[in-house]
2 protein chains.
Amino acid sequence: MPATIKDIAKAAKVSRSTVSRVLNDSGYVKEETRTRVLAVIEELNYSPSAIARSLSNKRSNTIGVIVPDINNPFFAEMIKGVTRVADEEGYRLLLVDTDEDNEKEQLALQALQEQRIEGLLIVSTPAKGKRSLEHLRWMRAHHIPVVLLDGHIKYDEFDGVFIDHYQGAHDATIALIKAGHKRVGILTGKLSSRPAMERLRGFQDAMAECGVVSYDEDILFGDYGHEKAYHLTKEMLLREKRPSALFVSSNQMVLGMMRAMSELGMKIPQDLAFIGFDQLETLNLIGMNCSTVDAHTVEVGELSMKRLIRRLENEKLETAHTVLRPDLSLRGSEANLK
Amino acid sequence: MPATIKDIAKAAKVSRSTVSRVLNDSGYVKEETRTRVLAVIEELNYSPSAIARSLSNKRSNTIGVIVPDINNPFFAEMIKGVTRVADEEGYRLLLVDTDEDNEKEQLALQALQEQRIEGLLIVSTPAKGKRSLEHLRWMRAHHIPVVLLDGHIKYDEFDGVFIDHYQGAHDATIALIKAGHKRVGILTGKLSSRPAMERLRGFQDAMAECGVVSYDEDILFGDYGHEKAYHLTKEMLLREKRPSALFVSSNQMVLGMMRAMSELGMKIPQDLAFIGFDQLETLNLIGMNCSTVDAHTVEVGELSMKRLIRRLENEKLETAHTVLRPDLSLRGSEANLK
DNA sequence: CGGCGTTGTGGGACCGGTTCCATAATTATA
DNA sequence: TATAATTATGGAACCGGTCCCACAACGCCG
């Protein structure tokens, strides 16, 4: 078994208190004893037990992070951002991947509670039955601050860092219209999710503002997945009258759209122009020049961790919602080449 | 502050021991008392402190996982596999992303040690100065089993689950030759890493076995990144005599290669055929039909976690190295259409 | 009906740290 | 040089659980 503080004390012929003082350099310790203790620590390769310390301190130094899918670059990037700040500030992360499964989310919440996390960052999956909400409320009631990162729900009662999906969709739509498209459509995400809904609204408002006629059949109701997007796009492309450009609500859906086009031998942007949401790094790297709405996901992670830390330091803060405005990256796929 | 076992004991008018027995259903507890205790637990929303339990138990129930980059699907998938098994078996994961930084790896190792992890899964970054190796040895000496997942190093002294890069490259090369290519090249990863080296060997041996002449200038020394791959490929494509097919050592490098081709207006596989390593899900989804060597990364994660658990149960096991043979997924990009 | 095994419960030590308090040793001050 | 202030160290309680052991209550058997 690993060496304990007692072993060190004995070997250095001091008390545990003294060793503890050396470890945290608190209180008075004679230089001579300090070096002696440090020597013993070195020699025995002693590393203090974070567990025991946490118990005594009542501070776990741990932040819980819940995401729907680590595999998705969208979330992986947020995690990167969170990690960076956590590292700097000396917090440990307990990361949970819920696989978009509400039940797993419940279990995770329970587990994190047992781990005595000091704060929680969560990108929530759709809250069936609102059990999550209860849990989050319980957390806050027990002085565990919660920060929401984007995600499917938005409870005003919690701090949150959000992406302005409305604005992103709005900007993209305007860009398409400005590029000269007279008929523009949208491929939406699952409308039960808040972001998808907001993007749709942004799209519609932009259309209205520009006085462009919006056809009901040009609103393709997808589900964030590539499969559905593929079918919807294909069907749409076979109509005689159809939009010349599309705003596409997620990177996965862009892929589905492209497959449909590739099967029909159609080219971007000649046969169908588009602007997507999220990065499409892979495609741009191979020179496909996909225009996108860049959501600044890493920044979402950083800001939310920072926010959490601030609240940890001062529980009385007003709840705050930071909303990040996405930037448009136009790379060519939005062009109107008719 | 959260309720403690003492609070429960008092409220239920029993001793802490009894509450503990209910919690772990161990020992004797009268049915009547049990329900009473459970009721109190429910009412006070009590959740036992994993920290205190760990201290007492001397069991953290935690496994450390170190990867170079969560953002890379290659590692993210391994994590998925690890997570699945860990969940089933009731282990918590402490995940560390080292950003390919050796120093961070050192710090992480130290931190995990303080957390009293019971075992370690590591995809190691190149071990400059071998400090990592020391650390890993120290772990094992202190009864913390270590399992290596693929990665840049391979120390026979530790358990490990590896991908057979040699075989993968070998199979891919044979496939290219069988497809009718007379001149085949390779885009290697950083040769200081074991996998890159093995892939190169697999390639060379396959060439020799088939009696295909291998030109030195057809071995393009890359570094896993897309940028270098782009330049190397472009240069190569401008030569009058050049290979008609390439084995490409990583997904990132395939992207660089494609950019080069796209800029030169060249087509796959007419102007240059290829087989890549790792998945290229994104590209295949849009109908690009990229042939690849599928490395079964999720399985690597699962198997290594399982291995770790077995060793946790029995420290005396012989060290074992599982080597997974990759499968070839031919989708068309390897064809010889001349 | 006394002794014995089973069932049920409480007391207290322990896990490995931190921290408060008392006391000892040293130095400064009057 | 006696006394106060400062520096240095140890003792012991505590954090919130687990678990061993002692003991009480109960039923059963001879």
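In what follows, every heavy atom counts, from backbone to side chain, and hydrogens, waters and symmetry copies are set aside. Naming: A, B, ... by sequence-line order, numbering from 1 per chain. Keep in mind the model is a prediction, meaning the values are calculated, not measured.
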Does some side-chain heavy atom of [Y] sit less than 4.5 Å from a side-chain heavy atom of [X]?
X: B:Lys104; Y: B:Asp99; result: yes
X: B:Thr319; Y: B:Arg311; result: yes
X: B:Val85; Y: B:Ile309; result: yes
X: B:Arg34; Y: B:Asp25; result: yes
X: A:Thr33; Y: A:Val14; result: yes
X: B:Phe75; Y: B:Val123; result: yes

field: Electrostatic pair B:Lys80-A:Asp69, nearest N-O below 4.0 angstrom
entry: yes
message: Using a 4.0 Å cut-off to any heavy atom of chain B, which nucleotides of DNA chain D are the first and last in contact, reading 5' to 3'?
response: D:dG16 to D:dC19
message: Closest-nucleotide mapping onto DNA chain C: is A:Arg53 or B:Ala52 further toward the 5' terminus? I mean the 5' end.
response: B:Ala52
[X] has an atom [atom1]; how far is it from atom [atom2] of [N], in whole Å?
X: B:Lys10; N: C:dG10; atom1: NZ; atom2: C1'; answer: 16 Å
X: A:Ile51; N: C:dC15; atom1: CD1; atom2: C1'; answer: 10 Å
X: B:Ile5; N: C:dG12; atom1: CD1; atom2: C1'; answer: 14 Å
X: B:Arg16; N: C:dG12; atom1: CZ; atom2: P; answer: 10 Å
X: A:Leu23; N: C:dG17; atom1: CG; atom2: C1'; answer: 9 Å
X: B:Gln113; N: C:dG17; atom1: CD; atom2: C1'; answer: 17 Å

Check: C:dG11 base within 3.5 Å donor-acceptor of B:Ser17 side chain: yes
- prompt: Got a sec: does the CD of B:Glu103 have more than 12 other heavy atoms crowding it under 6.0 Å?
  reply: no
query: Roughly how far apart are B:Arg92 CZ and B:Asp87 CG, rounded to 0.5 Å?
result: 11.0 Å
Acceptor/donor pairs from residues 107-117 of chain B side chains to any protein atom, 3.5 angstrom cut, sequence neighbours excluded:
unit_1   : atom_1 : unit_2   : atom_2 : d
B:Arg116 : NH1    : A:Ser47  : O      : 3.2
B:Arg116 : NH1    : A:Ser47  : OG     : 3.3
B:Arg116 : NH1    : B:Gln113 : O      : 3.0
B:Arg116 : NH2    : A:Ser47  : O      : 2.7

query: Quick one: do the A:Ser193 and A:Tyr224 side chains pair a donor with an acceptor below 3.5 Å?
result: yes
message: What's the angle between the local helix axes at either end of the helix from C:dC1-D:dG30 to C:dA30-D:dT1, using five pairs per end and rounding to 10 degrees?
response: 60°
query: Going through the checks in order, is the side-chain contact (heavy atoms from CB on, under 4.5 Å) test met by B:Arg137 and B:Glu134?
result: CA-CA 5 Å; B:Arg137 285 208 177 115; B:Glu134 275 175 41; 5.7 Å; no
- prompt: Taking only residues two or more places apart in sequence or in another chain, which ones pass salt bridge (Lys or Arg N to Asp or Glu O under 4.0 Å) with A:Arg140?
  reply: A:Glu157
Neighbours of DNA chain D within residues 55-63 of chain B, by heavy-atom distance under 4.0 Å: B:Leu55, B:Ser56, B:Asn57
query: If you look at every strand shown and take non-hydrogen atoms under 4.0 Å, does A:Ser20 touch a base, only sugar-phosphate, or nothing?
result: base
query: Closest heavy-atom contact between B:Val40 and B:Ala11?
result: CG1-CB, 3.6 Å
Can you tabulate the close N/O pairs, meaning under 3.5 Å, that link protein atoms to atoms of nucleotides 7-9 of chain C?
unit_1 : atom_1 : unit_2  : atom_2 : d
C:dT7  : OP2    : B:Tyr28 : OH     : 2.6
C:dT9  : OP1    : B:Thr33 : OG1    : 3.1
C:dT9  : OP2    : B:Lys30 : N      : 2.9
C:dT9  : OP2    : B:Thr33 : OG1    : 2.9

